[in-house]
**Q** 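One structure coming up, written as structure tokens, with questions to follow.
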Amino acid sequence: MEQLKIHNTLSGNKELFKPINPGSVTMYVCGPTVYGEPHLGHARPAITFDLLFRYLKFLGYKVRYVRNITDVGHLLNDADEGGDKIGEKAKALHLEPMEVAHFYTKKYHSAMSKLNVTNPSIEPAASGHIIEQIGMIQKIINNGFGYEVNGSVYFDVVKYNKDHNYGVLSRRKIEDLIENSRELEGQLDKKNAVDFALWKKASPEHIMRWPSPWGDGFPGWHLECSTMSCKYLGDEFDIHGGGMDLVFPHHEAEIAQCCAANKKQGAKYWMHNNMITIGGQKMGKSLGNFITLSEFFKGTHNKLEKDYHPMVIRFFLLQAHYRSTIDFSNDALQAAEKGLVRLFNGIKTLNELFPKDRSTIDISSFKLKCDNAMNDDLNTPIVLSHLFDAVKVINSTKEGKHDLLAHDIEQLKELFHKYAITVFGLYDIHDDGESTNIEALMTLILDIRNDLKNNKDWATADKIRNGLIDLNIEIKDAKDGTNWNYKK
RNA sequence: GGUCGGAUGGCCGAGUGGCUAGGCAGUGGUCUGCAAAACCAUCUACACCGGUUCGAAUCCGGUUCCGACCUCCA
């Protein structure tokens, strides 16, 4: 079996994954800024890194997974005099900023739970780590890379770049950055246009504020991740993840802050998921073209033709590689829905297979193929393609076209359990927890219907069949009796 | 403008220098009281122009188009 390889943005290549401490993995992922409804864009990194989290655990690693909650308002931009998103929202709604943050944090958790995203090991909030952030700023100042102006503290990018590389991650050249920087009035305090805020002075009307050695203010928007990753995972840890849009400046700045404060670069592997597009354009809060997760679940957005089960969203995302953009459309989602049902009907059929005393088909290669695809930078679409090939084998066997030994059936069960359930985190969208009862009921109903058929009472037999279709259950008369499945 | 990435069949979406990705949709067949499902078979591809090669959709160069980042963003 191949070993796990992951794409590292630092090198731009797939690299063999080797944790710093054998047997355990430390991982940090940028979480949401909780000032708005969670949308499809939030689902992608959450699911991508949940997949990685699940897979690493499956491989036997002890994983500490930290995903933050940003509940300290980010600056709107440097020109804006201290406005921040959570604060703005709070003012508009006449709420405490923490009320806003708490409200959307709960919404985020609820959506993630529906998507079957595992809770991270630690979910620290930026607001709970103001003291640590001030401490880190102090270290950066002491090491000569931060300077205070009028109650704000900035990171001296130009000085830092003299003996470090500001651009290791994003491959940007500082000269280009300076050349392309916009002239903004808020930058007057800064030595260089490329410098970024570590601490920002709060204007009197700014409602989210904390005391600091430099006066009342709030932390800069790159700082929390550096601070909290170092606090919980150490100065050096294994994996840092997030969306591709965070590579610059957010993650570049994180690396600079860590190096400036601790002389260590932080994460060894940087992983970035690609964006979701809608009509070829990025879906995002700032573009106003996003669809919230709750709208997906309920089908209430005008771009949605119907509601989509959370598992359909999860499966849809796993059908694409995490580093590719994925284009949203109703057609694509409905195709995913049917595919997902086919996959789980295959698992159901697998459980109904009778072992024979010989195997007429070799199923041993499925596991290796799936493992190799998964180890190749989490190539979930390829894993799924192999699982669908296995579904084909299962269905053919059910048809009597193949025979399988009990051992082979067990192997297939393990394969599906490992990938579909444990690692991919999928479950049957029809599974409402009462399946045992339904199994028994269906056996009874089909038994009665069979008697009707034997009496050639087609009308009543069809009445049962049509009635079941209204209940989303499809029955199929086969040679060896009647099968049933949930409708696609 | 700078940096980077992409262009695959009706739709989504993998991948590789020569061998079927997969899902959805379509077509023909098997099965069937009818139906559906399933199974079997099958049709639509690799933006354009050059080059390398025995052979390229896959490598190289150019062209066109699209996107991302450079400003908060997942």
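Each chain gets a letter, A, B and so on, in the order its sequence line appears, and its residues count up from 1.
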**Q** Using atom C1' of each nucleotide, how far apart are B/G62 and B/C54 to the nearest Å?
**A**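 Comparing C1' positions in B/G62 and B/C54 gives a spacing of 26 Å.
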**Q** Rounded to whole angstrom units, what separation is found between the CD atom of A/Glu252 and the P atom of B/C69?
**A**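 Computing the A/Glu252:CD to B/C69:P distance gives 16 Å.
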**Q** Kindly give the heavy-atom pair with the smallest separation between A/Ala461 and A/Leu452, and that separation in Å.
**A**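 Looking at all heavy atoms of both residues, the shortest contact is N-CD1, 4.2 Å.
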**Q** Does one side chain, of A/Tyr419 or A/Asp371, offer a donor that lies under 3.5 Å from an acceptor on the other?
**A**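 Yes, because at least one side-chain N or O of A/Tyr419 sits under 3.5 Å from a partner of the opposite role on A/Asp371.
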**Q** For nucleotides 10-17 of chain B, tabulate all protein N/O to nucleotide N/O atom pairs closer than 3.5 Å, reporting atom names and distance.
**A**
from	atom 1	to	atom 2	distance (Å)
B/G13	OP1	A/Asp327	N	2.8
B/G13	O2'	A/Gln319	O	3.4
B/A14	OP1	A/His321	N	2.8
B/A14	OP1	A/Ser324	OG	2.9
B/G15	OP1	A/Asn379	ND2	3.2

**Q** Kindly write out the residues that satisfy salt bridge (charged side-chain N to carboxylate O under 4.0 Å, His left out) with A/Asp403, not counting sequence neighbours, or none if the list is empty.
**A**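 Once residues adjacent in sequence are excluded, the partners of A/Asp403 under the salt bridge (charged side-chain N to carboxylate O under 4.0 Å, His left out) criterion are A/Lys356, A/Arg358.
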**Q** Look at all strands and tell whether A/Gly41 reaches a base, only sugar-phosphate, or nothing, counting heavy atoms closer than 4.0 Å.
**A**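 Result for A/Gly41 = base.
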**Q** Under 3.5 Å, which N/O atoms of the protein pair with N/O atoms of nucleotides 28-33 of chain B?
**A**
from	atom 1	to	atom 2	distance (Å)
B/G33	O6	A/Arg449	NH2	3.4
B/G33	N1	A/Asp462	OD1	3.0
B/G33	N2	A/Asp462	OD2	2.8

**Q** Please name all residues satisfying salt bridge (charged side-chain N to carboxylate O under 4.0 Å, His left out) with A/Glu15, sequence neighbours left out, ordered by chain then number.
**A**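 A/Glu15: no salt bridge (charged side-chain N to carboxylate O under 4.0 Å, His left out) contacts found.
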**Q** NA contact type, A/Leu343, heavy-atom cut-off 4.0 Å: base, sugar-phosphate, or nothing?
**A**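 No contact.
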**Q** Once you apply a heavy-atom cut-off of 4.0 Å, does A/Gln334 come out as touching a base, just sugar-phosphate, or nothing?
**A**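 Answer is nothing: A/Gln334 stays at 4.0 Å or more from every strand.
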**Q** A/Asp376: which residues meet the salt bridge (charged side-chain N to carboxylate O under 4.0 Å, His left out) condition with it, sequence neighbours left out?
**A**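 Checked A/Asp376 against salt bridge (charged side-chain N to carboxylate O under 4.0 Å, His left out); matches are A/Lys14.
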**Q** Got a sec, which residues hit ring-ring contact (aromatic ring centres under 6.0 Å, His included) with A/His251, two or more places apart in sequence or on another chain?
**A**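 Per chain and number, A/His251 pairs via ring-ring contact (aromatic ring centres under 6.0 Å, His included) with A/His240, A/Trp270, A/His272.
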**Q** Counting side-chain heavy atoms from CB outward, which of B/A37, B/C69, B/G23 is closest to A/Asp245?
**A**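 Among B/A37, B/C69, B/G23, the one nearest the side chain of A/Asp245 is B/C69.
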**Q** Would you say A/Lys173 places a side-chain N or O within less than 4.0 Å of OP1 or OP2 belonging to B/G2?
**A**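 No, outside the criterion.
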**Q** Between C1' on B/C4 and NZ on A/Lys282, what's the gap in Å once rounded to a whole number?
**A**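 For the pair A/Lys282 NZ and B/C4 C1', the rounded distance is 14 Å.
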**Q** In whole Å, what separates the P atom of B/U27 from that of B/A35?
**A**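 Per the computed distance, 15 Å lies between those P atoms.
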**Q** Which residues satisfy the side chain to side chain contact (heavy atoms under 4.5 Å, CB included) test with A/Arg314, sequence neighbours excluded?
**A**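 Listed in chain order: A/Ile47, A/Asp50, A/Arg54, A/Asn116, A/Val117, A/Met311, A/Leu318, A/Leu426.
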**Q** Under the ring-ring contact (aromatic ring centres under 6.0 Å, His included) rule, collect the residues that match up with A/Phe354, sequence neighbours excluded.
**A**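 In terms of ring-ring contact (aromatic ring centres under 6.0 Å, His included), with neighbours along the sequence ignored, A/Phe354 is linked to no residue.
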**Q** If you pin A/Leu384 and A/Pro45 to their nearest nucleotides in RNA chain B, which one's is more 5'?
**A**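 Mapping each residue to its closest nucleotide by heavy atoms, the 5'-most match is A/Leu384.
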**Q** Do A/Tyr154 and A/Phe196 have ring centroids that are under 6.0 Å from one another?
**A**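 Ring-ring flag for A/Phe196/A/Tyr154: false, centres at least 6.0 Å apart.
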**Q** Tell me what A/Lys392 touches on the nucleic acid: a base, only sugar-phosphate, or nothing, going by heavy atoms under 4.0 Å.
**A**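 Sugar-phosphate: the residue A/Lys392, judged by heavy atoms under 4.0 Å, touches backbone atoms but no base.
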**Q** My understanding is that only residues two or more places apart in sequence, or in another chain, count here; which of them pass ring-ring contact (aromatic ring centres under 6.0 Å, His included) with A/His42?
**A**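 In terms of ring-ring contact (aromatic ring centres under 6.0 Å, His included), with neighbours along the sequence ignored, A/His42 is linked to A/His39.
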**Q** Given that A/Met275 and A/Ala336 both sit by RNA chain B, which one's nearest nucleotide is further toward the 5' end?
**A**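 In this pair, the answer is A/Ala336.
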**Q** Sort and list the pairs that fulfil ring-ring contact (aromatic ring centres under 6.0 Å, His included) and have at least one residue in residues 307-353 of chain A, not counting sequence neighbours.
**A**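 Of all non-adjacent pairs touching residues 307-353 of chain A, those that pass ring-ring contact (aromatic ring centres under 6.0 Å, His included) are A/Phe296-A/Phe328, A/His309-A/Tyr427.
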**Q** So, using ring-ring contact (aromatic ring centres under 6.0 Å, His included) as the criterion, who are the partners of A/Tyr104 when residues are at least two apart?
**A**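 By the ring-ring contact (aromatic ring centres under 6.0 Å, His included) rule, A/Tyr104 matches no residue at all.
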**Q** Which ranges of RNA chain B pair up as stems, where a stem means three or more consecutive Watson-Crick or G-U pairs with both distances under 3.5 Å?
**A**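 The stems are B:1-7 with B:64-70, B:10-12 with B:22-24, B:26-30 with B:38-42, B:47-51 with B:59-63.
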**Q** Taking CG from A/Asp389 and P from B/C40, how many angstroms apart are they, rounded to a whole number?
**A**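 Rounding to the nearest Å, CG of A/Asp389 and P of B/C40 are 11 Å apart.
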**Q** Quantified in whole Å, what is the P atom distance between nucleotide B/G26 and nucleotide B/C11?
**A**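 Result for the P pair: 15 Å, nearest Å.
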**Q** Take atom P in B/U53 and the same atom in B/A57, then report the distance between them in whole Å.
**A**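 Each nucleotide's P atom is 16 Å from the other's.
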